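Okay, structure first, notes after.
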2 protein chains.
Amino acid sequence: MHLCHEHEVCVETALATADQICEERGVRFTDIRRRVLELVWENHGSAKAYDLLERLGGEYSAKPPTVYRALEFLQENGLVHKINSLNAYVGCSHPLQHKDCFFLICSRCNEVQECCTEPVANAVWQMAAKRHFKPRHTTLEIEGQCQQCQVQN
Amino acid sequence: MHLCHEHEVCVETALATADQICEERGVRFTDIRRRVLELVWENHGSAKAYDLLERLGGEYSAKPPTVYRALEFLQENGLVHKINSLNAYVGCSHPLQHKDCFFLICSRCNEVQECCTEPVANAVWQMAAKRHFKPRHTTLEIEGQCQQCQVQN
DNA sequence: TCGAAAGGGTTACATTATAACATTACTTGC
DNA sequence: GCAAGTAATGTTATAATGTAACCCTTTCGA
């Protein structure tokens with residue numbers, strides 16, 4: 001995982017945005033939910049549910065449902081995404097700003113970049129339309145190697 | 001799941017193609033592998049590993065590794081794909097003819113269509129290139145409703 | 001025909017996720 | 001403020017998915 005300038009800023013921003021979104025939506029951003037989101041954001045990789053559970057330690061007498069419920073809430077409110085190909089979760093880097101987004105997953109450093117570029121979404125929509133298929137949700141996960149890792153190899 | 005004209009033809013074709021591919025590649029298309037592929041092809045939906053296991057019944061004294069090994073072999077040789085968002089497997093409808101393919105998954109009838117249109121793959125590659133990301137494998141799964149199901153609703 | 005390599009049987013276990021029900025905490029209308 | 005309803009969490013148990021490891025059998029090539 002490559003360093004960002006000051007990762008605390010990422011975390012703080014994510015939490016602040018989450019606060020705001022939950023307030024707007026009239027949903028409760030409880031301590032557990034906040035803490036899980038914070039843990040998900042500990043770095044720019046993806047986090048496994050049971051790792052989060054372990055990192056929660058004794059806090060909140062956490063057990064699997066504790067974590068899965070928090071993750072479910074965070075997903076419903078667009079604050080985290082599940083990476084199906086990894087069974088893992090990442091913080092959403094620009095909540096509310098997109099419908100279809102996708103992920104560049106570096107298998108060397110584990111960093112996950114979230115992208116929402118139009119052309120890809122458009123190509124998908126057009127292809128689906130051609131087959132008269134009505135898309136509801138798109139999962140697009142691209143595994144490979146990020147720029148820095150290619151250099152460092 | 002919508003009927004195809006004569007589904008036995010699909011199955012026979014898939015098995016015959018698999019025979020041929022395995023022969024060309026010098027890999028062994030054993031009874032178990034063939035039987036698992038046949039079960040995967042029982043319809044045009046996706047099949048869960050433990051369902052396959054159950055459908056194998058007593059045959060081959062099947063246990064989880066039996067099925068997972070067969071599925072691994074079939075995936076390696078491009079004969080089935082895993083649908084990550086469902087933890088399930090589908091037969092590949094045109095083995096060897098593609099690198100990047102993707103799936104239209106109807107959540108009403110469970111049918112999975114496999115697609116390999118250029119424009120989507122291109123859009124993905126361009127987007128990745130822009131970020132200097134080197135893709136190795138792409139997972140694209142589109143959940144929604146197929147044409148027939150939209151009509152029938 | 002022998003030895004290496006691939007395939008498969010078997011057991012056990014690891015990982016991921018959820019059901020179901022009890023309890024606590026919030027919130028809303030009075 | 002308080003009762004009643006709803007949302008959130010605690011807790012236990014278990015379901016669903018997937019793999020490690022070890023050993024035996026089959027196949028294939030020298």
Side-chain angles (χ1 to χ4, degrees), chain A residues 18-19 21-40 45-77 79-90 110 139 141, chain B residues 18-19 21-40 45-77 79-90 110 139 141:
Chain A
D19 268 329
I21 287 174
C22 290
E23 172 137 20
E24 281 168 20
R25 295 189 154 200
V27 295
R28 288 162 57 196
F29 195 38
T30 62
D31 284 352
I32 295 181
R33 291 165 176 176
R34 165 178 279 272
R35 182 75 182 110
V36 170
L37 183 59
E38 197 181 354
L39 287 174
V40 166
S46 59
K48 310 276 269 176
Y50 275 74
D51 286 348
L52 294 171
L53 180 56
E54 199 173 336
R55 287 196 258 150
L56 272 174
E59 286 182 273
Y60 308 108
S61 67
K63 299 194 175 44
T66 313
V67 168
Y68 282 103
R69 282 167 182 160
L71 288 171
E72 187 184 13
F73 170 89
L74 295 169
Q75 284 179 267
E76 277 168 359
N77 291 285
L79 301 169
V80 310
H81 299 290
K82 176 167 188 182
I83 307 292
N84 283 312
S85 55
L86 301 175
N87 293 324
Y89 305 81
V90 287
N110 301 314
T139 296
E141 300 166 7
Chain B
D19 268 329
I21 287 173
C22 290
E23 172 137 22
E24 280 167 21
R25 294 190 155 200
V27 295
R28 289 164 54 198
F29 195 38
T30 62
D31 284 353
I32 295 182
R33 291 165 176 177
R34 165 178 279 270
R35 183 76 183 110
V36 170
L37 183 58
E38 198 181 353
L39 288 174
V40 166
S46 59
K48 311 277 269 175
Y50 275 74
D51 286 348
L52 294 170
L53 180 56
E54 198 173 336
R55 287 197 256 148
L56 273 174
E59 286 182 272
Y60 308 107
S61 67
K63 298 194 178 42
T66 314
V67 168
Y68 282 104
R69 282 167 181 161
L71 288 171
E72 186 184 12
F73 170 88
L74 295 169
Q75 283 178 268
E76 278 168 359
N77 291 286
L79 302 170
V80 309
H81 298 291
K82 176 167 186 183
I83 307 292
N84 283 312
S85 55
L86 300 175
N87 293 324
Y89 305 81
V90 287
N110 301 313
T139 295
E141 301 165 8

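All chains are named by letter (A, B, ...) in the order of the sequence lines, taking the proteins before the strands, and each is independently numbered beginning at 1. These values consider heavy atoms only, across backbone and side chains, with no hydrogens, waters or symmetry-generated copies. Because the structure is a prediction, the values reported are computed rather than measured.
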For a quick test of reading the model: is some side-chain N or O of [X] closer than 4.0 Å to OP1 or OP2 of [N]?
X       : N      : value
B:Ser61 : C:dG8  : no
B:Asn87 : D:dG18 : yes
B:Lys63 : C:dG9  : no
B:Tyr68 : C:dG9  : no
A:Arg33 : D:dT9  : yes

What's the [atom1]-[atom2] distance between [X] and [N], to the nearest Å?
X       : N      : atom1 : atom2 : result
B:Glu59 : C:dG9  : CD    : P     : 12 Å
B:Asp31 : D:dT25 : CG    : C1'   : 15 Å
B:Glu54 : D:dA15 : CD    : C1'   : 14 Å
A:Lys82 : D:dT17 : NZ    : C1'   : 11 Å
A:Asn84 : D:dT17 : CG    : C1'   : 14 Å
A:Ile32 : D:dA7  : CD1   : P     : 17 Å
A:Leu86 : C:dA17 : CG    : P     : 11 Å
B:Glu23 : D:dC28 : CD    : C1'   : 15 Å

Spatial distance of atom [atom1] ([X]) from atom [atom2] ([Y]) [nearest 0.5 Å]:
X       : Y       : atom1 : atom2 : answer
A:Glu38 : A:Leu56 : CD    : CG    : 10.0 Å
A:Arg33 : A:Leu37 : CZ    : CG    : 12.0 Å
A:Arg69 : A:Ile32 : CZ    : CD1   : 9.0 Å

Donor/acceptor link under 3.5 angstrom from A:Tyr50 side chain onto base of C:dA17: yes

Pair of N/O donor and acceptor under 3.5 Å linking C:dG8 base with B:Arg28 side chain: no

Touch class at under 4.0 angstrom, heavy-atom based, for B:Tyr89 against every strand present: sugar-phosphate

Sugar-phosphate, base or nothing in reach of A:Phe73, heavy atoms under 4.0 Å: nothing

Option passing side chain to side chain contact (heavy atoms under 4.5 Å, CB included) with B:Val27 (candidates B:Arg25, B:Glu24, B:Glu23): B:Arg25

Side chain of [X] only, heavy atoms from C-beta on: which candidate in [options] is closest?
X       : options               : result
A:Thr66 : D:dT11, D:dG18, C:dG9 : D:dT11
B:Thr30 : D:dT9, C:dG8, C:dA19  : C:dG8
A:Lys48 : C:dT16, C:dG8, D:dG18 : C:dT16

Comparing B:Ala88 and A:Pro64 on DNA chain D - which has the more 5′ nearest nucleotide: A:Pro64

side-chain contact (heavy atoms from CB on, under 4.5 Å) between B:Leu79 and B:Cys22, worked out: CA-CA 10 Å; B:Leu79 302 170; B:Cys22 290; 4.3 Å; yes

Minimal non-hydrogen separation, B:Glu141 against B:Lys82, with atom names: OE2-O, 4.1 Å

Distance-minimising heavy-atom pair for A:Gly45 and A:Val90: O-CG1, 3.7 Å

Ring geometry between B:Tyr68 and B:Tyr89 (parallel below 30°, tilted from 30 to 60°, perpendicular above 60°): perpendicular

Consecutive-pair stems (at least three Watson-Crick or G-U pairs, under 3.5 Å) that include DNA chain D: C:1-30 with D:1-30

